[in-house]
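This one's a predicted model, so the numbers in the text were calculated from it and none came from an experiment. Lettering follows sequence order; numbering is per chain, from 1.
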There are 2 protein chains.
Amino acid sequence: MVSKLDKKKQRGENTRKALIKSTIDCLDRLGYAETSINRVLEGVDVSRGALMHHFPSKEDLVIGTVDFLLSRILRHYQQESPNSFPFAQVTHSGNGTLADALVTYWKNIIDTPEGRAFSEIIMATRTDKALSLRISPKLEDWNEQLNQFFLPPGLDEEAVEDVTLTLLIWRSFIRGMIFQQEFHSDPDYIEKIIRKFAMIMEPHLKLAQTQSDT
Amino acid sequence: MVSKLDKKKQRGENTRKALIKSTIDCLDRLGYAETSINRVLEGVDVSRGALMHHFPSKEDLVIGTVDFLLSRILRHYQQESPNSFPFAQVTHSGNGTLADALVTYWKNIIDTPEGRAFSEIIMATRTDKALSLRISPKLEDWNEQLNQFFLPPGLDEEAVEDVTLTLLIWRSFIRGMIFQQEFHSDPDYIEKIIRKFAMIMEPHLKLAQTQSDT
DNA sequence: TCTTTTACATACCAAACGTACGGTATATAC
DNA sequence: GTATATACCGTACGTTTGGTATGTAAAAGA
């Protein structure tokens, strides 16, 4: 009884996932402007009707994709993964340099199909008011949850503000690197920039940790 | 004799400028995905035929807009403007804080219709190969020219590399702030982040200057 | 068993897209 | 005066867009 129900729900879930995967692929390869429903369908064996069944509008498809991308990153932080999380590595484990961790984070999270697709959506959200209205609350929540990973308990208000700002600087820089890639396509040079940034930021991360220790 | 020819060429030049201005406005308000030829024409009193005469394809219109935007920023740097150029202010004049200059730069150059339109095009260039082929060389040239403003003569090779990397970090951060705005719409908070970044970067700019003085 | 719900498929729609093209007016060159 | 180039106009074309309407097969619930 249950297995047949599960089988059907599972089928629907698989279709949803396939559509979202194809959407991510399109956003990464073609950009937001050229990502159409037809193009998404080309990359997967799903009918137009099936897509409209799961995502009644194109906007719903984008929202579904955002939900997937946001929870993906959160999941990534929740289950340890000390190698791709720069701050955690420095403040918790202590082995390896911050620069290494930053480069790994860039390669594993930001400069990936999912990371680039996310950037495309964020960029589109800037001018798409309907999208912004639905996505902005999600982003605020997500931002809040992410920050919790970096805020050791017992910090005073000022220290929390300080760490939060430092985190935002880090995120702004690393997202901006997606733009910068257009000027410097050489991955080695990109890595060099990231390493220098890590070097400059390092003392300010250490400071945040020291404050929480006292 | 000359006046009549000039008058005609002037008229054409005015039409071109009006079309580019309208394109910038559309990119800023609607984003790259929703910027169509029809939409550009809506914002200006020019016929469809006139647009096709000056810009034979949509791609040509974008290229024309990029040319305008790039030369605009270069012009901005060439003619003094010490208030909006953070590095110049610190290394040349010395009055006012770096943070103030950075905030001014953000407000006057990046967070403007022209700055946002530029970001939209750069983002689109990532996935549009035809556009990338025509724009990338322009960007490399432009980048090179911009760097010249920040490189005092007599620097050794290592110092040049150091300053160049620092410049790229700065640019990556400030462009990334366009993304970050989607998370924090409050301008005062944006300013706070920029000021903290300036504080962190300040010693590293001073270092570059000291090296060139010795 | 009969009804409802879920998952998917096919066919179609009006609107908008970028582009092509024939035509007019005027200014310069010879 | 004639040829040529520039600036501009307006319509029409074929394609693609996001979205809808209708139908079918099967599982779930009564």
* To do: Considering just the side-chain nitrogens and oxygens of A:H54, establish if one lies under 4.0 Å of OP1 or OP2 belonging to C:dA7.
  => no
* Structure fact -> Per atom distances to the B:N38 side chain, the nearest of D:dT17, C:dC17, C:dA7 is C:dC17
* From C:dG18, D:dT17, C:dC8, pick the nucleotide closest to the side chain of B:S36? -> C:dG18
* **A:K58 side-chain proximity, nearest of C:dC17, D:dG19, D:dA7** => D:dG19
* Roughly, in whole Å, what's the span from NZ in A:K17 to P in C:dC8? -> 14 Å
* To do: Specify the separation, in whole Å, of atom CZ of B:F55 and atom C1' of C:dG18.
  => 16 Å
* When you look at B:E191 and B:R195, which way does the salt bridge (Lys or Arg N to Asp or Glu O under 4.0 Å) test go after all the steps? -> CA-CA 6 Å; B:E191 190 172 326; B:R195 286 188 183 279; 3.1 Å; yes
* **Euclidean distance, atom CG of residue B:N14 to atom P of D:dT6 [Å, nearest integer]** => 18 Å
* For the pair made of CG in A:L41 and C1' in D:dT17, what is the distance, rounded to whole Å? -> 13 Å
* Structure fact -> Rounded to whole Å, CZ of A:R16 lies from P of C:dC8 at a distance of 11 Å
* For the pair B:F118 and A:F183, name the ring-plane relationship: parallel under 30°, tilted 30 to 60°, perpendicular over 60°. => tilted
* To do: Could you tell me the separation between the CG atom of B:L51 and the P atom of C:dG18, rounded to a whole number of Å?
  => 10 Å
* Asked: Do any side-chain nitrogens or oxygens of B:T15 fall under 4.0 Å of OP1 or OP2 in D:dA7?
  -> no
* To do: Can you tell me the distance, in whole Å, between the CE atom of A:M52 and the C1' atom of D:dT20?
  => 8 Å
* To do: Name the closest nucleotide to the A:R48 side chain, picking from C:dC17, C:dA11, C:dT19.
  => C:dA11
* Trace of the side-chain hydrogen bond (donor to acceptor under 3.5 Å, both in side chains) decision for A:S57 with A:D60 -> CA-CA 5 Å; A:S57 75; A:D60 290 314; 3.0 Å; yes
* With a cut-off of 6.0 Å (strictly less than), are more than 12 heavy atoms of other residues, nucleotides or ligands near CD of B:E157? -> no
* Could you pick out which residue, A:P56 or A:R39, lies toward the 5' side of DNA chain D when each is mapped onto its nearest nucleotide? => A:R39
* To do: Measure centre to centre between the rings of A:Y105 and A:W170, then say whether the value is under 6.0 Å.
  => yes
* **Between D:dG10 (P) and B:D45 (CG): distance, integer Å** => 10 Å
* Asked: If you check the A:H53 side chain, which of D:dG19, C:dC8, C:dC17 turns out closest?
  -> C:dC8
* To do: Please figure out whether A:T35 or A:G49 has its closest DNA chain D nucleotide nearer the 5' end.
  => A:T35
* Among the candidates C:dT19, D:dC9, D:dG19, find the nucleotide nearest to the side-chain atoms of B:S47. => D:dC9
